[in-house]
S.K.: 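This is the structure I want to talk about, given as structure tokens.
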Amino acid sequence: MKQAVYFHPALRVLHWLMAAAILMMLFIGVAMVSIVSSAHSLLVSIHKPLGVMILLLVIVRLWLRFTTAKPALPASIPAWQRGMAHLSHWMLYLMMVAQPLIGWAMLSAAGYPVTLGNGIVLPPIMDISNDRYAILRPLHTWVALALFAMIMLHLAAALLHAFVLRDGVFSSMTGHRKP
Amino acid sequence: MNSKVHLNRQTVVRLALVGIIPLILFLLFLWTGGWLTPQRLTSDKLVDVLQQSGGVHKGYRRNHAKGMCVLGSFISNGNASVLSRASLFSKGETAVTGRFAIAGGAPAAPDYTVPVRSMALSFQQSNGEQWRTGMNAMPFFPVSSVESFFELQTATLPDAATGKPNPEKLRSFVMNHPEIKPFFAWAKQYTPSSSWASDRFNSLNAFRLIDKAGHEQLVRWSMVPHAGFTPISDADKQNSDFLQQDLQHRLGQGALKWDLVFTLAQAGDKGDDATKAWPADRKTINAGTLVLNKAIPQQQGPCNDINYDPLILPDGMAPSADPILNARSSAYAKSYNLRTHEQAQQKGETL
């Protein structure tokens with residue numbers, strides 16, 4: 001396989017689209033559970049379909065991730081940092097898949113209809129169970145906070161590569177490299 | 001490619017950016033979640049103030065804590081299907097899981113001490129959608145905004161010294177919120193009934209019905225009882241659980257019925273102020289009959305784990321601009337999360 005310099009264009013598009021969607025989702029999430037204004041119902045009505053969209057996108061993205069050539073990390077990066085980079089990326093993927101499923105399962109366990117608007121309803125993926133809801137609801141919050149923390153670290157690392165190290169790691173996701 | 005870092009001025013600026021950009025996002029995140037603005041009114045605060053007035057009763061709802069589950073169905077006559085495309089309004093039957101309750105956060109409050117009663121219903125449409133509603137047996141809501149609801153709850157909290165609400169605080173609340181006067185006038189002359197079965201329960205908040213073509217009609221609704229009104233008796237006033245016993249007794253003799261009656265707003269009727277009932281001459285539509293056949297104590301009942309969030313609506317129904325609705329939805333969710341967690345804790349099954 002030819003050594004890639006950039007991620008596959010479709011993967012790059014998905015990355016930035018999902019970055020925006022997930023950040024939006026996390027901000028909507030923390031806002032909608034605390035505010036009591038009329039934005040509450042608006043945010044809830046965005047949160048659910050957006051979550052489903054993210055779940056669908058991450059499935060496509062994982063498939064692309066495994067089937068397209070990916071650029072190698074530059075040789076200048078020490079082994080422990082490579083290990084950290086790989087671990088953090090797989091944790092991000094894990095949380096991106098798990099979080100919408102936890103949300104869906106939690107609504108199912110509570111007996112809430114999983115409505116996406118316009119009369120579209122998803123089937124429950126779990127039987128109604130107070131005990132499971134009592135676990136899944138706080139879990140949804142903890143995974144959200146962990147995901148946000150992880151994204152901030154990912155962003156800081158990406159910016160370090162972009163602004164300071166300028167070693168091609170950041171541009172492998174933007175597709176533009178300064179000469 | 002050069003990965004060596006030269007610590008010149010430009011690099012310091014670049015390095016600072018690496019930290020500042022995530023930091024700004026982090027602060028924005030904290031602000032969005034309300035963690036940087038403790039003065040902002042949140043669902044936590046609403047639940048807190050209810051807990052302060054009713055006490056913390058783990059595993060119970062934070063308001064309307066004492067109640068009973070009921071099962072039955074809604075028999076639609078099809079009349080409301082011209083206003084709403086929700087399938088439950090087509091001619092036919094929809095299963096209902098409901099709950100009768102009395103207001104307040106104390107699950108052992110004697111029934112006769114609480115004049116305000118409620119009926120909550122969850123209609124299960126066959127397509128998986130639900131309509132959940134919580135209605136009260138009063139003609140209008142005491143306040144029109146979330147902020148004034150919070151102020152009212154705070155003003156009526158028991159005083160630390162006397163153990164009773166401070167009348168001075170309530171007086172100053174009424175001074176600033178004259179919109180509450182009709183409610184107090186109503187409460188003063190109101191004699192509660194001897195039964196949930198004979199109470200008329202009102203949506204209080206307005207909603208929108210949406211038909212197949214997308215036309216909207218602003219409505220409120222009432223559950224109008226078939227059973228005739230009898231005032232609360234002296235014997236009732238000696239019996240802490242007379243409402244629950246009466247309900248069991250009546251259901252032992254046969255089903256209990258209410259008509260679901262929609263009141264249609266006219267141009268100019270406001271949907272965002274629950275303190276004002278619409279004029280009595282507004283057109284009404286009888287949408288069908290609620291038939292309840294069975295009551296079950298709430299601790300074992302199917303209603304206990306239902307959050308009667310008024311914003312769980314099927315396609316064909318939508319909220320109005322009434323600000324109370326969003327606050328109810330947000331605070332009910334908080335109460336639900338707390339009590340389900342506590343119930344699991346009591347059973348020893350939590351995260």
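To find a chain, count down the sequence lines: A is the first, B the second, and so on, and within it residues start at 1. It should be emphasised that the depicted structure is a prediction, and the values quoted were computed from it without experimental measurement.
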S.K.: With a 4.5 Å heavy-atom cut-off, do A:Pro113 and B:Ile312 have their side chains touching?
M.R.: yes
S.K.: For the side chain of B:Thr32 and the backbone of A:Ile28, is there at least one donor-acceptor N/O pair under 3.5 Å apart?
M.R.: no
S.K.: Less than 4.5 Å to any heavy atom of chain A: does that hold for the side chain of B:Pro314, its backbone, both, or neither?
M.R.: neither
S.K.: Roughly how far, to the nearest 0.5 Å, is OG1 of B:Thr340 from CE of A:Met106?
M.R.: 10.0 Å
S.K.: Should B:Leu25 and A:Met152 count as side-chain neighbours, where that means a heavy-atom distance under 4.5 Å?
M.R.: yes
S.K.: To the nearest 0.5 Å, how far apart are OG in A:Ser37 and CD in B:Glu147?
M.R.: 9.0 Å
S.K.: So B:Leu311 and A:Val44, do their side chains get closer than 4.5 Å, heavy atoms only?
M.R.: no
S.K.: Using every non-hydrogen atom in the two residues, find where B:Ser43 and A:Val33 come nearest and quote the distance to one decimal.
M.R.: OG-O, 2.8 Å
S.K.: In terms of relative ring orientation, are A:Phe27 and B:Phe29 parallel, tilted or perpendicular, with 30° and 60° separating the classes?
M.R.: perpendicular
S.K.: Would you indicate whether the side-chain heavy atoms of B:Arg14 and A:Leu160 approach each other to under 4.5 Å?
M.R.: no
S.K.: Tell me, yes or no, whether the heavy-atom count around A:Tyr93 atom OH, taken from other residues, nucleotides or ligands under 6.0 Å, exceeds 12.
M.R.: yes
S.K.: Taking the side chain as every heavy atom from C-beta outward, state whether A:Tyr133 and B:Asn307 have any pair of such atoms under 4.5 Å apart.
M.R.: no
S.K.: Heavy-atom pairs under 4.5 Å with chain A - which of B:Ile324, B:Asp44, B:Leu28 has more of them than the others?
M.R.: B:Leu28
S.K.: Measure across A:Leu159 and B:Leu17 and return the closest heavy-atom pair with its distance rounded to 0.1 Å.
M.R.: CD1-O, 4.2 Å
S.K.: Rounded to the nearest 0.5 Å, how far apart are CD1 of A:Ile120 and CD of B:Glu129?
M.R.: 9.5 Å
S.K.: Does a side-chain heavy-atom distance below 4.5 Å link B:Val18 with A:Leu155?
M.R.: no
S.K.: Which atoms of B:Arg40 come close to chain A, meaning under 4.5 Å heavy atom to heavy atom: side chain ones, backbone ones, both, or neither?
M.R.: side chain
S.K.: Just wondering, more than 12 heavy atoms not from A:Trp90 lying within 6.0 Å of its CH2?
M.R.: yes
S.K.: Would you mind checking which part of B:Lys334 comes under 4.5 Å of any heavy atom in chain A, side chain (CB onward), backbone (N, CA, C, O), both or neither?
M.R.: side chain
S.K.: Sort out for me which residue in B:Ile21, B:Val13, B:Thr11 forms a side-chain contact (heavy atoms from CB on, under 4.5 Å) with A:Phe163.
M.R.: B:Ile21
S.K.: Side chain, backbone, both or neither: which part of B:Trp31 has an atom under 4.5 Å from a heavy atom of chain A?
M.R.: neither
S.K.: Roughly how far apart are B:Tyr336 OH and A:Asn130 CG, rounded to 0.5 Å?
M.R.: 6.0 Å
S.K.: Say whether, by atom type as modelled, one donor and one acceptor occur between the side chain of B:Gln343 and the main chain of A:Ala134 under 3.5 angstrom.
M.R.: no
S.K.: Where does A:Leu145 contact chain B at under 4.5 Å (heavy atoms): side chain, backbone, both or neither?
M.R.: side chain
S.K.: Considering only heavy atoms from C-beta outward, does the side chain of B:Arg132 approach that of A:Tyr112 to under 4.5 Å?
M.R.: yes
S.K.: Would you confirm whether B:Thr42, through its side chain, and A:Ser34, through its main-chain N or O, come within 3.5 Å as a donor-acceptor pair?
M.R.: no
S.K.: Quick check on the interface: out of B:Ser87, B:Gly33, B:Gly19, who has the most heavy-atom pairs with chain A under 4.5 Å?
M.R.: B:Gly33
S.K.: Counting C-beta onward and ignoring hydrogens, is there a side-chain heavy-atom pair between A:Val36 and B:Asn326 closer than 4.5 Å?
M.R.: no
